[in-house]
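One-based numbering along the sequence shown. Computation of the quantities below employed the complete heavy-atom set of this structure, encompassing side-chain atoms and omitting hydrogens, waters and symmetry-equivalent molecules.
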Amino acid sequence: MDQNNIIECGGFYFIHNFDSGNLGHVERVPTELIAPGINHKTNAPETPDYEFNIWTRPDCAGTEFENGNRTWFYFGVQATEQNVLVRLNLVNLNKQGKMYNQGMAPVTRTLPGKPQWERIRDRPVHSTDDNTFMLSFKYRTADNLKATTFFAFTYPFSFAELQIALNSIDLKMLPLPPPQSPDDIYYYRECLIHSLEGRRVDLLTVSSYHGISTDREEKLTNLFPENQERPFKFPNKKVVFISARVHPGETPSSFVFNGFLNLLLTRNDPVAIQLRKLYVFKMIPFLNPDGVARGHYRTDTRGVNLNRVYLNPSLSYHPTVYASRALIRYYHFGCEKEDSFEEGNLSMRSIQNVNETSEPLETKKKKSLSPYKIGEYGKREKSSKSVGCNKSSTSIKQANASKDKNAIKNTNETGQLADQVYDMKLQEMPSQTSDASSKASDCVEPDPRSLLTCNVLRTCLGSDVHLSTSEELNLQGNNPLRPLRDTLKNSISLLMESSSSVVGDSSTEGKESITSNVRVGWCAECRRAARRLDLTAPGLAAMLPGYTPDVDPFMTIPGPTQTRSENPKCHTIDEYREHQRQQLDYQQKMLSESSSEEKDAVYFCANCFKRYVVTGLNEEVKISEAASSGSAAVSAHSTGEGDAKPQPITEVSNTPQSAVATKEEQVKSGIKALKKKPLPPPAVSTRSAHKEQESGLYLYIDLHGHASKKGIFMYGNHFEDPESCVECMLLPRIMSLNNLHFHFSSCNFTEKNMYLKDRRDGMSREGSGRVAVLKATGLVRSYTLECNYNTGRLVNVLPPTTRDPPRASPPTTGPPAPPKYTPHIFEEVNPYQVGKSLGASILDLTGQHPNSRIPCSEHRSLPALRDWLRAHTRTAKPQC
């Protein structure tokens, strides 16, 4: 019997017609069929007086958008008998056996009587029968027959509760009094947009009066329907953007949100004062208010997982995400810009190792575009273009030894140029042009003065790379790799020619000087990158094209008659000293020979195609940008040594002689200035700090709940640049120093986690907030904060703060057991809860925390913490 959304069954009334309620159907089990159970406290058998089978409503139940999400339940039971034992069986839930095996239990409260939510005391039992998951638990009815006992999947926080909480904040904060101090709280609440069913989506602005201007933010197109004034601008403050409840059933996100908001609105807290002084906080408490109100677990009223549409949200179908994305772009650019959703169309990921599979070149061209290469951030694009490619029949044949191929697969930064000409041997293919034209183009031998010989090309690409002979290239028909090969050789030749024109009189030396005056080597940055690669994968650097580990960074690589020596194995200190002495003698000899032949040697880097000059003082001088860098085997820039990103190889145009002469004078003057300087002291290896992008955004965090993975943790994005990787991991690592329950070891920064597809709907995480924000803005600090519904794996031992007096160490009785997570764990404003620790960790990112724990931790300082993370990225590759 179902009247007015109250289900009456067996003398009990089941209530679900309230905000966030979810109950579908109830059936009473006949008394004679009630199976006896065990009292887990007394281990005595007991038989319930009543038993009911309960079905929950899936998301969008009864509509065309109904889907299979059946995890959330929330209902009340009013009994007609006092103190009777009742068993409830939830018979159609999604399989969550792992979570319930870990001790997860539903929550309950009784109104009136026990208004606080708590976990049920009877341990729930779950089973799977005919692929149906069933959860069972018992309770005793209240003595007050007018009381209603509520049960929920986890601690609820409804849309009505949110509005009540925000209204109470408004009563305390608004209207804002005239500021008495710059540290006074600036608070503003506005309606960002309305949901599909007309519920308001709130946007909160919290800061202080430091840096406030008289200008107000613009009213963005299609947003802010209530036409109220926008908040004031803060030109010199960056924005921290925080959102929650994009998945309506993940209520832990609301408790973390509430805790952080309570921290920001605490007037005299030193952490809150500093946060408000430095940043402007833009906060959206509910991104899916319709789903919350309707009792959904994961989707909106149209059955859409809104955390998968950030790349291309629709104002008509996904208004809340559309508004969130528009705001993020507005604060990033500092003004409203038309959003063409170009980032959302990038659905193909780049493939790190082109020679892992034998695929058509056209397919590899499609895979070469990196989906999150935005501005200076993200992956580098691979250049795999070919001229006249026959996509229907062209394939790359892999003939090299499997040892070399596996060595290239071991790193994402090696063999990129070699991949472009790897195994330039083709199978027979049908002709697409006339035989006469193909023979004419294939049989012409390259001019040795304008194209490098195969030997020199092999020096640049590596002796292990297979270069096809002229007979192999002279196939009948159109050969797409012949132009590619010649183009690469021409590019190298032109770069070397422009290098040779820097010194000497190119107008009188003639064409022969092109290959005779320029030496082939590896520049200092590339050699440093190769040495770091060798630390990560010993022996791999020795296989790089043209690289010799035993030669000084500014010395010439071995010529054709020399052999590449292996790293010596020194068994004693004397052997090591003798080896170092021999190397020093060899370097001095090579330096004297090079200085006698030519005062300033011009080199051509075989890895990055950069020109550089080695002066008589053994100092490297970079030559102008005439020769741009391209895809290379090892990138010095991708390892944090510099911030400039390599550019694609471009054709060298005919430069006027006057311009060349001007560049010559500039380089020569720089060399003379260097020669006048005394020898510098031994260089100390330093790493450049991560370069902040020009953006009004500082941090993006989307708050979530998690069912299977224990603990509180973060998902970040993947970067090939180690310094960006370190910056991405910095906030999660600091969180583990400030919070008892944050699990840094559970954080995930892998590329796979950026594109993983959901099992249920097949949608990719590429459309999630953290990945889409990276693509739209290049923001490195873009995260998803996940909180388990139940418990964690560990409890951290927190270092003391700098101002705390030393405490007596407690007796060592083993690590404490992780507690059951409650709203107090997430939102309580004390030093150990997530809301407070998140604010403290944001300040620690820039060393602005007034009472930090980092100086008392194992790291001692922020630079040392970054060094620890650099080492962590090398030893924990699956997580970065």
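Counted by atom type alone, E197 and T301 present zero donor-acceptor pairs between their side chains at under 3.5 Å. Between the side chains of D269 and T266, no donor-acceptor pair is found at a separation under 3.5 Å. In summary, the side chains of H247 and N305 do present a donor paired with an acceptor at a separation below 3.5 Å, with no hydrogens or angles considered. For N796 and N739, the side-chain atoms include no donor-acceptor pair closer than 3.5 Å. Of the N and O atoms on the side chains of D202 and Q163, at least one donor lies less than 3.5 Å from an acceptor on the other residue. Checking K710 against T791 by side-chain atom types alone, no donor-acceptor pair falls below 3.5 Å. For the residue pair S768 / N307, no side-chain donor-acceptor distance below 3.5 Å is found, with atom types taken as modelled. With hydrogens and angles left out, the side-chain atoms of N738 and S841 include a donor and acceptor closer than 3.5 Å. Side chain to side chain, Y310 and E766 fail the donor-acceptor criterion of an N or O pair below 3.5 Å.
Rounded to the nearest 0.5 Å, atoms CG (L779) and CG (L774) are 7.5 Å apart. The line from CG of N748 to CD of E786 is 10.5 Å long, rounded to the nearest 0.5 Å. Atoms CG and NZ, on L697 and K282 in that order, are 11.0 Å from each other to the nearest 0.5 Å. The OG atom of S324 lies 7.5 Å from the CG atom of D702; values are rounded to the nearest 0.5 Å. A distance of 15.0 Å separates CZ in F255 from OH in Y821, rounded to the nearest 0.5 Å.
Judged by the 6.0 Å distance and 45° axis criteria, R781 is not positioned over the aromatic ring of Y700. Both cation-pi conditions hold for R245 and F286: the charged atom is under 6.0 angstrom from the six-membered ring centre and inside a 45 degree cone around its axis. Because its NZ or CZ atom is both nearer than 6.0 Å to the ring centre of F744 and within 45° of the ring axis, R733 counts as a cation-pi partner of that residue. Both cation-pi conditions hold for K709 and F713: the charged atom is under 6.0 angstrom from the six-membered ring centre and inside a 45 degree cone around its axis.
Between F749 and F719, the ring centre distance reaches or exceeds 6.0 Å. Taking the ring centroids of Y155 and Y789, they lie at or beyond the 6.0 Å cut-off. Taking the six-membered ring wherever Trp is involved, the centroid distance between the rings of Y698 and Y279 falls below 6.0 Å. Remark: aromatic rings of F260 and F281 are close, center separation under 6.0 Å.
Applying the salt bridge (charged side-chain N to carboxylate O under 4.0 Å, His left out) definition to pairs two or more places apart or across chains, those involving residues 308-323 are R308-D758. The list of salt bridge (charged side-chain N to carboxylate O under 4.0 Å, His left out) pairs with a residue in residues 295-307, not counting sequence neighbours, reads E250-R298.
Proximity of a side-chain donor or acceptor of S158 to a complementary backbone N or O of E161 within less than 3.5 Å is detected. Of the possible donor and acceptor atoms, one in the side chain of Y783 sits under 3.5 Å from a partner among the backbone N and O of C728. Using modelled atom types, no side-chain atom of N69 and backbone atom of Y297 make a donor-acceptor pair closer than 3.5 Å. Side chain of R230 to main chain of E218: a donor-acceptor pair is present (N/O by atom type, distance under 3.5 Å, no hydrogens or angles). Judged by distance alone, with hydrogens and angles left aside, the side-chain atoms of R199 form no donor-acceptor pair with the main-chain N or O of H194 at under 3.5 Å. With hydrogens and angles disregarded, no donor-acceptor distance shorter than 3.5 Å links the side chain of H332 to the backbone of I328. Judged purely by atom type and a 3.5 angstrom limit, T320 uses its side chain to pair as donor or acceptor with the backbone of L287. Between the side chain of H741 and the main chain of I712, no donor-acceptor pair closer than 3.5 Å is present. In this structure a side-chain-to-backbone donor-acceptor pair under 3.5 Å is present from N22 to G295.
A 4.5 Å side-chain heavy-atom check between L263 and L275 finds at least one atom pair inside the cut-off. With contacts defined as side-chain heavy-atom distances shorter than 4.5 Å, the pair S254/L162 does not qualify. M729 has its side chain within reach of H872: a pair of non-hydrogen atoms, C-beta onward, lies under 4.5 Å apart. Using a 4.5 Å heavy-atom cutoff, the side chains of P732 and F742 are in contact.
Residues forming a side-chain contact (heavy atoms from CB on, under 4.5 Å) with L315 (at least two apart in sequence, or on another chain): I193, N222, Y322.
With salt bridges taken as basic N to acidic carboxylate O contacts below 4.0 Å, one links D339 and R325.
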